[in-house]
Amino acid sequence: MNTISDLRQSLEETAHRDDAPDPRSLLRGVQDNIAAGHGTGSRTPRLIAAAAAVALVAGGGWALSQGLGSDEETSVIQPADPAWQLVDGAPPEYAEGLALVETVTLSEDLGVVSFMEADGQNFAVAWCDVAPEAMSELRVSLVNPAGEGTSLDCAGVPPNSPTEPVAVPPPMTEGGLGASLRGPDGAQPSNLARDDAVVVGLYREASMAEFPYPDQSDIPEAPSHDLVLDPTSPKTNQAGLADLTGQGVMLPAATVESWVGTTLTTWAGEPGRLLVAVNGTVITNDGERLSLPAGAGRWQDADPDLRGGYWHTWTAGASTREFNLSPTGLAAHGIQVREGEAVDVVAFGVFPRDAWQVDIDLPGGSEIADVREIGPTEQLPEYAYGMRLVSASEVPADGATHLIELDAVDPSQVLWVPTCTERLPGIEVTIGTRVTQCHDTAGWVQALRAPELPTDAPVEVTVAAGSSPVQLGAYLPQDWEGYPFAESATPLADDAGFGVVLSEQPVDGAREANLPDSPTATAVYHEVATLASDALDSSGRAEVTVPSSTDLSIWVATSGPARVKLEIDGVPIEQALDGRPWPTYPVLRDGWLSAWTTGDFGTQLRFDRAPVGQADRDNPTVTVQVEAQEDAEVEITFYEFVPGE
C-alpha cells in the first residue's frame with residue numbers, strides 16, 4: 001500500500017521532471033472528479049490533501065494542507081481537541097461540526113489568493129503567526145467576485161491561536177473567493193516580517209453522520225436555575241412542531257414572563273442536538289426557513305451550531321448557549337410580545353443519554369407564581385368514590401416545580417385528581433415522578449397514586465405550559481363503614497364522551513362503545529346472564545357460568561350504597577383485569593367494586609383484549625359476593641362480545 005510518504009516522494013519526482021501545471025485548474029479538476037465519484041458535498045479531505053501536494057510542488061505557489069507533515073496514518077479521523085488546535089501546523093480536518101475543505105497560507109508577498117469553489121454554506125478560521133505589533137491591525141479579507149465579503153480579525157490573538165469561525169459569502173461559479181491580508185485602511189499591510197504568515201482554513205458544515213463525535217463516559221452534573229426544562233418535564237400539545245421533531249405532538253413546555261433580563265440558556269452534557277421554540281417560533285435557528293421545503297437564510301447570519309432548527313453540540317462535556325428572552329430579544333426572531341407578557345417555551349432534544357436542559361433565569365425581583373389553595377368544586381367534591389378531599393390547589397401551568405404541603409397526611413396514601421378548565425388541552429401533570437393529564441370533566445379518569453412519595457416532605461408538582469392553571473385534588477380513602485354516602489358525589493356520572501363510566505346499560509345486540517384501545521371495533525354485545533339481588537343466597541353470594549373469560553363485559557348497576565366482589569374461576573377481579581381498563585381505583589379497591597352513593601350507579605368491566613373469536617371459550621364460573629346497605633339493590637349483567645355485521 002502506498003503511504004503518504006510514498007506519495008510525497010512521487011510528487012516531488014514528478015515536479016522535477018514535468019512542467020508545472022496551473023494549480024487552480026489542477027485542483028478544480030481533482031475536486032470535480034471527487035464530486036462526480038461521491039456526490040455533491042461528499043469530498044474526502046485526505047483526497048483533497050493529495051491534490052494539494054501536487055499543487056504545492058508543481059506550481060511552486062500556495063498549498064492546501066491536511067496534516068501532511070506526519071508520516072503516520074490513522075484509521076479514524078478525530079476532531080481537534082481542544083477545538084481548532086493546529087495539527088502539525090495545519091488546520092484540523094474536523095472541529096465543532098465543521099469539515100476542512102481547503103487551506104491557504106497568506107504572507108506579505110502573496111497578494112490576493114483565491115479559494116476554489118465549495119458547496120453549501122462555508123466558514124473560515126484563521127491562525128495568525130505574526131509579530132504583536134502587526135497583529136493588532138491585521139485583517140484577513142475574504143471577497144467573492146460580486147464584491148460580497150467579510151474579514152477575520154487577528155487583533156488580540158496569541159500566535160497560532162484561532163479566530164472564531166466566520167461565515168463567508170458563497171463562492172461564485174467562476175472566480176471563487178479572494179483571500180488577502182489587509183491593514184486597517186484596507187491597503188496591503190507594510191509592517192509584516194519576512195516569516196510572518198496567516199493560515200486560513202475554509203470549512204463546510206459536516207453532516208451528523210460524517211462528523212467524528214468524541215467518546216464520552218461520564219455526564220457532568222446539570223446546573224440549577226430558576227426554571228428548568230428537561231426530558232422529564234411534563235409535556236403539552238405542540239402539533240405545529242411535529243414535522244421538525246418527528247416525535248409526535250407532546251413536548252416538554254413551560255411558561256415564563258418576558259422581561260428585560262430574562263435569559264434562556266441551553267445546556268448539554270454530551271454531543272447531540274436541541275430544539276427550542278418560543279410561542280411556536282424556533283429560536284435555535286440562524287435564519288433558515290424551516291417549513292417545507294426548507295431553505296437557507298442569509299449567509300451573513302449563518303451559524304455552524306444552528307442547523308435545521310436545532311442547536312448542535314459537538315464536543316464531550318458541558319456546552320451552553322444563551323438566548324435573550326426579553327421583548328427586544330424575542331423581536332429579533334419575529335416574536336412580538338409586551339414587557340411582562342407570558343410566553344410558552346418548548347424544547348426537544350436528541351441525545352444519547354438525554355443529557356440536556358433548557359434553563360430560564362428571571363431578572364431580579366421577578367418571581368414564579370405559586371400554588372393557591374381552593375375549596376371543593378364540582379369536579380373536586382369533598383366526598384367522592386369512597387374518598388375525602390384533604391387538599392385542593394390551583395397549580396400554575398408554567399412548567400415550574402411547585403410544592404404542596406399536606407400537613408399530617410401521608411402523601412403515599414393519597415389519590416391525586418387533576419382537572420382543567422379547558423376541554424382536552426393535552427397538558428401533562430407530574431406528581432413526584434408520576435405523570436398524568438388533566439381533563440375538564442373527567443379528571444377522575446386521570447387520577448393516580450404515587451406510593452413512593454416521602455412522608456416527611458412537601459409534594460413536588462409540575463404542570464406543563466397551558467393557558468390556565470390546573471386544579472389538583474388530594475384525596476384519602478375512607479372505610480366503607482361510616483362513610484357519608486348521602487354526601488358523596490359522582491363526578492363521572494356523565495362520561496364526558498370517554499365511554500368508560502357509562503350512564504346507560506349496554507343493549508343486547510348493539511355495538512360496543514368506541515373505545516380507542518379496543519381490538520373488537522366491529523363487535524356487538526350479546527347478553528348471556530343476569531344476576532339480581534334476589535338471586536343471592538343468605539351470605540350474599542351466587543355463581544354464574546359464562547362462555548368466555550376474555551370476550552367478556554360485566555355491567556354492574558346499583559341503587560343505593562352497595563359493593564360487589566367478583567372472581568373468575570377463583571381469580572379475583574383486580575388480578576383478571578390486571579390494572580388495564582379503568583376503573584381499577586378508586587371504584588375498584590381492596591377487591592370490591594363499590595358504589596359510594598345513595599343514588600343510582602352503573603359501571604362496566606371489560607375483558608375484551610383478545611381479537612374476536614380468538615379468546616379461550618372455557619366456560620368459566622364467575623363467583624359474586626354482594627354487601628349492600630338497607631334497601632340497596634344490585635343487578636349484574638354479563639355480556640359476550642361477538643362479531644357484528
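Side-chain contact between V104 and F115 is present, with at least one heavy-atom pair separated by less than 4.5 Å. Two residues are said to be in side-chain contact when any heavy atoms from C-beta on lie closer than 4.5 Å; T103 and V199 meet this criterion. Between P223 and Q357 the shortest side-chain heavy-atom distance falls below 4.5 Å. Looking at L106 and V200, their side chains come closer than 4.5 Å, going by heavy atoms from C-beta outward. A heavy-atom distance below 4.5 Å is not found between the side chains of D359 and L264. Residues N324 and L330 have side chains not in contact (no heavy-atom distance under 4.5 Å, counting atoms from C-beta outward). Inter-residue side-chain proximity for D398 and V256 is flagged as unmet; no heavy-atom pair is nearer than 4.5 Å. Contact annotation: the side chain of W356 never approaches that of S319 to less than 4.5 Å [non-hydrogen atoms, C-beta and beyond].
With sequence neighbours left out, the ring pair (Phe, Tyr, Trp, His ring centres under 6.0 Å) criterion links W127 to no other residue. The side chain to side chain contact (heavy atoms under 4.5 Å, CB included) test applied to D370 returns H402, not counting sequence neighbours. The salt bridge (Lys or Arg N to Asp or Glu O under 4.0 Å) search around D230 returns none, not counting sequence neighbours.
A donor-acceptor contact shorter than 3.5 Å links the side chain of T284 to the backbone of G309. Looking at E428, its side chain does come within 3.5 Å of a backbone N or O of K235 through a donor-acceptor pair. Looking at N144, its side chain does come within 3.5 Å of a backbone N or O of G147 through a donor-acceptor pair. Between the side chain of E93 and the backbone N or O of A99 there is no donor-acceptor pair closer than 3.5 Å. Of the possible polar contacts, none joining the S258 side chain to the E339 backbone as a donor-acceptor pair under 3.5 Å is found. Between the side chain of S326 and the backbone N or O of G329 there is at least one donor-acceptor pair closer than 3.5 Å. When atom types are taken as modelled, the side chain of N237 and the backbone of A239 share a donor-acceptor pair closer than 3.5 angstrom.
For residues 278-296, there are no salt bridge (Lys or Arg N to Asp or Glu O under 4.0 Å) pairs, not counting sequence neighbours. Residue pairs meeting the salt bridge (Lys or Arg N to Asp or Glu O under 4.0 Å) criterion with at least one partner in residues 186-203, sequence neighbours excluded, do not occur; the list is empty. Within the structure, every pair that satisfies the salt bridge (Lys or Arg N to Asp or Glu O under 4.0 Å) test and touches residues 125-147, not counting sequence neighbours, is listed here: R139-D153.
V463 and P396 make their closest contact through CB-O, 3.7 Å (heavy atoms, listed as atom of the first residue, atom of the second, distance). Residues P165 and F123 come closest through the heavy atom pair CB-CB, 4.4 Å. Here the shortest heavy-atom pairing between A197 and T105 reads CB-CG2, 4.1 Å. Across every non-hydrogen atom of A465 and T236, the tightest pair is O-OG1, 3.3 Å. Residues L192 and A134 approach most closely at CD2-CB, 3.9 Å, considering heavy atoms. A pairwise comparison of heavy atoms in A167 and Q121 identifies CB-NE2, 3.8 Å as the closest pair.
Note: Y310 and F348 have perpendicular aromatic rings, judged against thresholds of 30 and 60 degrees for the angle between ring planes.
Here CD of E210 is found 11.0 Å from CD of E205. Values are rounded to the nearest 0.5 Å. Here L98 contributes atom CG and L202 contributes atom CG; the two are 10.0 Å apart, rounded to the nearest 0.5 Å. F323 CZ to I283 CD1: the interatomic distance, rounded to the nearest 0.5 Å, is 5.5 Å. Atom CG of L181 and atom OG of S141 lie 9.5 Å apart (nearest 0.5 Å). Atoms CD1 and CD, from I427 and Q437 in turn, are 9.0 Å apart once rounded to the nearest 0.5 Å. Considering CG of L241 and CE of M250, their distance stands at 13.0 Å, rounded to 0.5 Å.
Looking at I368, D226, V345 one by one, the single match for side chain to side chain contact (heavy atoms under 4.5 Å, CB included) with I360 turns out to be V345. For the side chain to side chain contact (heavy atoms under 4.5 Å, CB included) with V358, the qualifying choice from V228, T265, V276 is V276, the only one to do so.
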| field | Steps toward side-chain contact (heavy atoms from CB on, under 4.5 Å) verdict (L244, L275) | value | CA-CA 9 Å; L244 282 176; L275 178 147; 4.0 Å; yes
**Item:** Stepwise salt bridge (charged side-chain N to carboxylate O under 4.0 Å, His left out) check, R321 with D303
**Value:** CA-CA 12 Å; R321 182 162 182 150; D303 188 311; 2.5 Å; yes
Test side-chain contact (heavy atoms from CB on, under 4.5 Å) on R353 and I219; report intermediate values, then the result. CA-CA 9 Å; R353 288 170 286 186; I219 298 296; 3.5 Å; yes
After noting the C-alpha distance and the side-chain angles of E102 and Y203, does the key distance pass the side chain to side chain donor-acceptor pair (under 3.5 Å) rule? CA-CA 7 Å; E102 189 175 352; Y203 285 82; over 6 Å; no
Problem - From CA spacing to verdict: side-chain contact (heavy atoms from CB on, under 4.5 Å), E367, L362 - result: CA-CA 7 Å; E367 294 182 357; L362 305 176; over 6 Å; no
Report task. Mind running side-chain contact (heavy atoms from CB on, under 4.5 Å) on Q188 and R182 for me, showing each step along the way? Result -> CA-CA 5 Å; Q188 279 192 283; R182 300 294 177 186; 3.6 Å; yes
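Between the side chains of Y213 and E270, no donor N or O sits under 3.5 Å from an acceptor N or O. Judged purely by distance below 3.5 Å, without hydrogens or angles, the side chains of W84 and E96 pair a donor atom with an acceptor atom. Donor-acceptor pairing under 3.5 Å is recorded for the side chains of T401 and T462. Judged purely by distance below 3.5 Å, without hydrogens or angles, the side chains of W314 and D305 pair a donor atom with an acceptor atom.
Between R338 and E257 no salt bridge is recorded (no basic side-chain N to carboxylate O distance below 4.0 Å).
Within a 6.0 Å radius of CD in E460, no more than 12 heavy atoms belonging to other residues, nucleotides or ligands are found.
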